[in-house]
Amino acid sequence: MGNTARSEPGWMKLVLLSAAAYNLVWMVVLLASPGLLFRMLGVPEPNYSELVRLVGLAVGLSGLGYAIAAYNPMRHWPVVALGFLAKLLGPVVAAAAISKGRLPASAGLGILFNDLIWLIPFAAILYRAYDEAIGEMRIVSPEVQKMALRSKTTMGIGLDELSRMSPILLVFLRHAGCPFCRETLADLARNRRRIEEMGARIVLVHMGADDQVQAALNRFGLPDIDRVSDPRQAVYRAFGLGRGRLAAILGPRVWFRVFLGGLLARYGIGKFKDDIFQMPGAFLIFHGAILRSYVHRSSADRPDYVALVAADPVGQSAR
């Protein structure tokens with residue numbers, strides 16, 4: 001499906017690099033002074049300092065693994081999974097030792113910083129990796145996509161035929177009452193000239209009543225934009241655009257962007273008449289093939305439509 005414009009959140013990298021730094025510091029401590037940890041806990045120092053140093057090396061290697069995983073958390077999720085299991089089982093073993101009097105209660109503070117505070121962010125990364133994997137498994141059949149490209153626009157021309165005349169920027173909208181749908185129309189209106197100067201034609205796909213969409217297009221100065229009416233959302237599904245999870249529709253970032261766009265930018269919030277869970281997206285199509293795409297992770301995502309069209313697909317196809 002072309003190059004999908006997706007980026008991993010910066011907090012993942014921050015979490016993993018922090019965990020790496022934490023582990024590497026403890027590796028240095030355990031290697032330099034094997035008895036320090038025991039003195040801090042108020043328990044007798046063992047006479048097997050070499051074993052403690054080996055544990056320190058294992059901790060350091062885990063830290064190195066987190067550092068490597070930080071640069072691609074989705075790809076290196078097994079490292080995060082192993083870390084999560086270690087930080088989940090570690091407190092269980094330590095709690096059993098405290099309950100039997102083999103470790104002092106003060107060891108609980110060490111458990112908090114060494115294990116428990118990492119569980120939630122590690123779990124969040126694993127959930128994101130799972131969500132990513134589910135998305136990649138949603139493979140769109142080329143035959144289904146080909147059939148979807150037969151859909152006719154308001155001009156009576158099929159999408160496939162249009163894409164053979166010139167590249168088309170196929171933009172899938174959310175429901176008409178969504179402020180992000182109106183923000184999309186405002187972005188397209190503002191960048192229409194640049195997009196068309198690069199040789200691309202904007203075509204919209206919507207799932208609402210055509211008169212409502214026409215009213216919105218008139219409001220944003222796009223009355224003549226070609227579009228496809230898809231009330232059954234078949235074209236959406238053909239391009240792999242599913243229904244978003246609750247966090248993607250009503251998460252904190254979404255509400256913040258609703259405040260910015262719906263209230264401060266005065267795009268407003270309309271009635272929820274269509275499927276509010278349907279996710280949008282944008283695809284650059286030429287000669288029936290998808291050159292590039294942007295698949296929304298959140299309803300609050302704001303693609304750069306100019307960047308999506310920026311490369312010259314006609315020039316590239318001739319090479």
Side-chain angles (χ1 to χ4, degrees), residues 1-12 72-75 77 124-125 127-149 151 159-160 163 167-175 178-185 187-188 191 195 200 202-208 227-228 230 232-251 253-254 257 261 274-286 288-311 313:
M1 288 186 50
N3 299 324
T4 303
R6 288 180 173 177
S7 59
E8 295 171 3
W11 63 264
M12 291 187 183
N72 196 331
M74 299 297 95
R75 181 179 180 182
W77 67 265
I125 293 173
Y127 175 80
R128 190 64 177 265
Y130 167 79
D131 192 50
E132 178 90 3
I134 293 297
E136 290 178 355
M137 289 172 62
R138 197 188 301 130
I139 300 174
V140 180
S141 166
E143 290 74 20
V144 172
Q145 213 167 73
K146 188 175 181 180
M147 290 182 64
L149 287 173
S151 302
L159 292 173
D160 182 72
S163 75
I168 61 173
L169 178 61
L170 192 63
V171 179
F172 290 78
L173 300 174
R174 295 202 72 231
H175 64 92
C178 175
F180 304 131
C181 175
R182 301 172 186 186
E183 182 181 66
T184 295
L185 295 179
D187 289 344
L188 291 173
N191 294 296
I195 291 171
I202 300 173
V203 180
L204 304 178
V205 180
H206 67 88
M207 53 183 158
R227 57 194 182 275
V228 173
D230 184 29
R232 296 185 178 180
Q233 295 151 256
V235 183
Y236 285 83
R237 291 193 296 273
F239 279 80
L241 300 176
R243 303 178 82 240
R245 292 180 172 84
L246 194 62
I249 306 299
L250 297 173
R253 179 171 176 268
V254 176
R257 292 268 287 109
D274 307 314
D275 186 354
I276 66 171
F277 287 94
Q278 176 61 60
M279 297 297 286
F283 301 81
L284 183 66
I285 305 172
F286 190 48
I290 297 175
L291 302 183
R292 284 183 295 282
S293 61
Y294 188 103
V295 178
H296 287 59
R297 288 186 176 278
S298 162
S299 59
D301 286 355
R302 192 175 188 178
D304 185 340
Y305 298 107
V306 173
L308 201 61
V309 183

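Small disclaimer: the values here were computed from a predicted structure and weren't measured. Note that the numbering runs from 1 along the sequence shown for the chain.
- Across every non-hydrogen atom of Ser293 and Ile290, the tightest pair is CB-CG2, 4.3 Å.
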### Worked check of side chain to side chain contact (heavy atoms under 4.5 Å, CB included) between Ile202 and Tyr305
CA-CA 10 Å; Ile202 300 173; Tyr305 298 107; over 6 Å; no
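- Not one N or O on the side chain of Arg174 forms a donor-acceptor pair closer than 3.5 Å with the backbone of Cys181.
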### Task
Dump the intermediate steps for side chain to side chain contact (heavy atoms under 4.5 Å, CB included) on Leu169 and Arg292, then the final yes or no.
CA-CA 10 Å; Leu169 178 61; Arg292 284 183 295 282; over 6 Å; no
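- Between Phe172 and Phe283, the gap from one ring centroid to the other is short of 6.0 Å.
- To the nearest 0.5 Å, atom CG of residue Leu188 and atom CD of residue Glu183 are 10.5 Å apart.
- Residues Leu173 and Leu185 are in side-chain contact: their nearest non-hydrogen atoms beyond the backbone lie under 4.5 Å apart.
- Tested against Pro167 for a side-chain contact (heavy atoms from CB on, under 4.5 Å), the candidates Ile285, Leu291, Ile195, Leu284 yield a single pass: Leu284.
- Every residue meeting the side-chain hydrogen bond (donor to acceptor under 3.5 Å, both in side chains) condition with Gln233, not counting sequence neighbours, appears here in chain and number order: Asp275, Gln278.
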### Message
One pair to check against side chain to side chain contact (heavy atoms under 4.5 Å, CB included): Asn191 and Val309. What are the steps and the verdict?
### Response
CA-CA 11 Å; Asn191 294 296; Val309 183; over 6 Å; no
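- At least one donor-acceptor pair closer than 3.5 Å links the side chain of Tyr236 to the backbone N or O of Val205.
- The heavy-atom pair separating Ala148 from Phe239 by the smallest distance is CB-CE1, 4.2 Å.
- Taking each heavy atom of Phe286 and Ser163 in turn, the nearest pair found is CD1-O, 3.3 Å.
- Put simply, the side chain of Pro73 does not reach to within 4.5 Å of the side chain of Arg128, judged on heavy atoms.
- The heavy-atom pair separating Ala282 from Leu308 by the smallest distance is CB-CD2, 3.7 Å.
- Rounding to the nearest 0.5 Å places CZ of Arg243 at 8.5 Å from CD1 of Ile276.
- No donor-acceptor pair under 3.5 Å is formed between the side chain of His296 and the backbone N or O of Ser299.
- With rounding to the nearest 0.5 angstrom, the CG atom of Leu204 is 9.5 Å from the OG1 atom of Thr184.
- Summarising the geometry of Gly288 relative to Asp160, their closest heavy-atom pair is CA-OD1, 3.4 Å, with the distance given to 0.1 Å.
- Counting only distance, with no hydrogens or angles, the side chain of Arg237 and the backbone of Arg232 share a donor-acceptor pair below 3.5 Å.
- Ile125 and Met74 make their closest contact through O-CE, 4.0 Å (heavy atoms, listed as atom of the first residue, atom of the second, distance).
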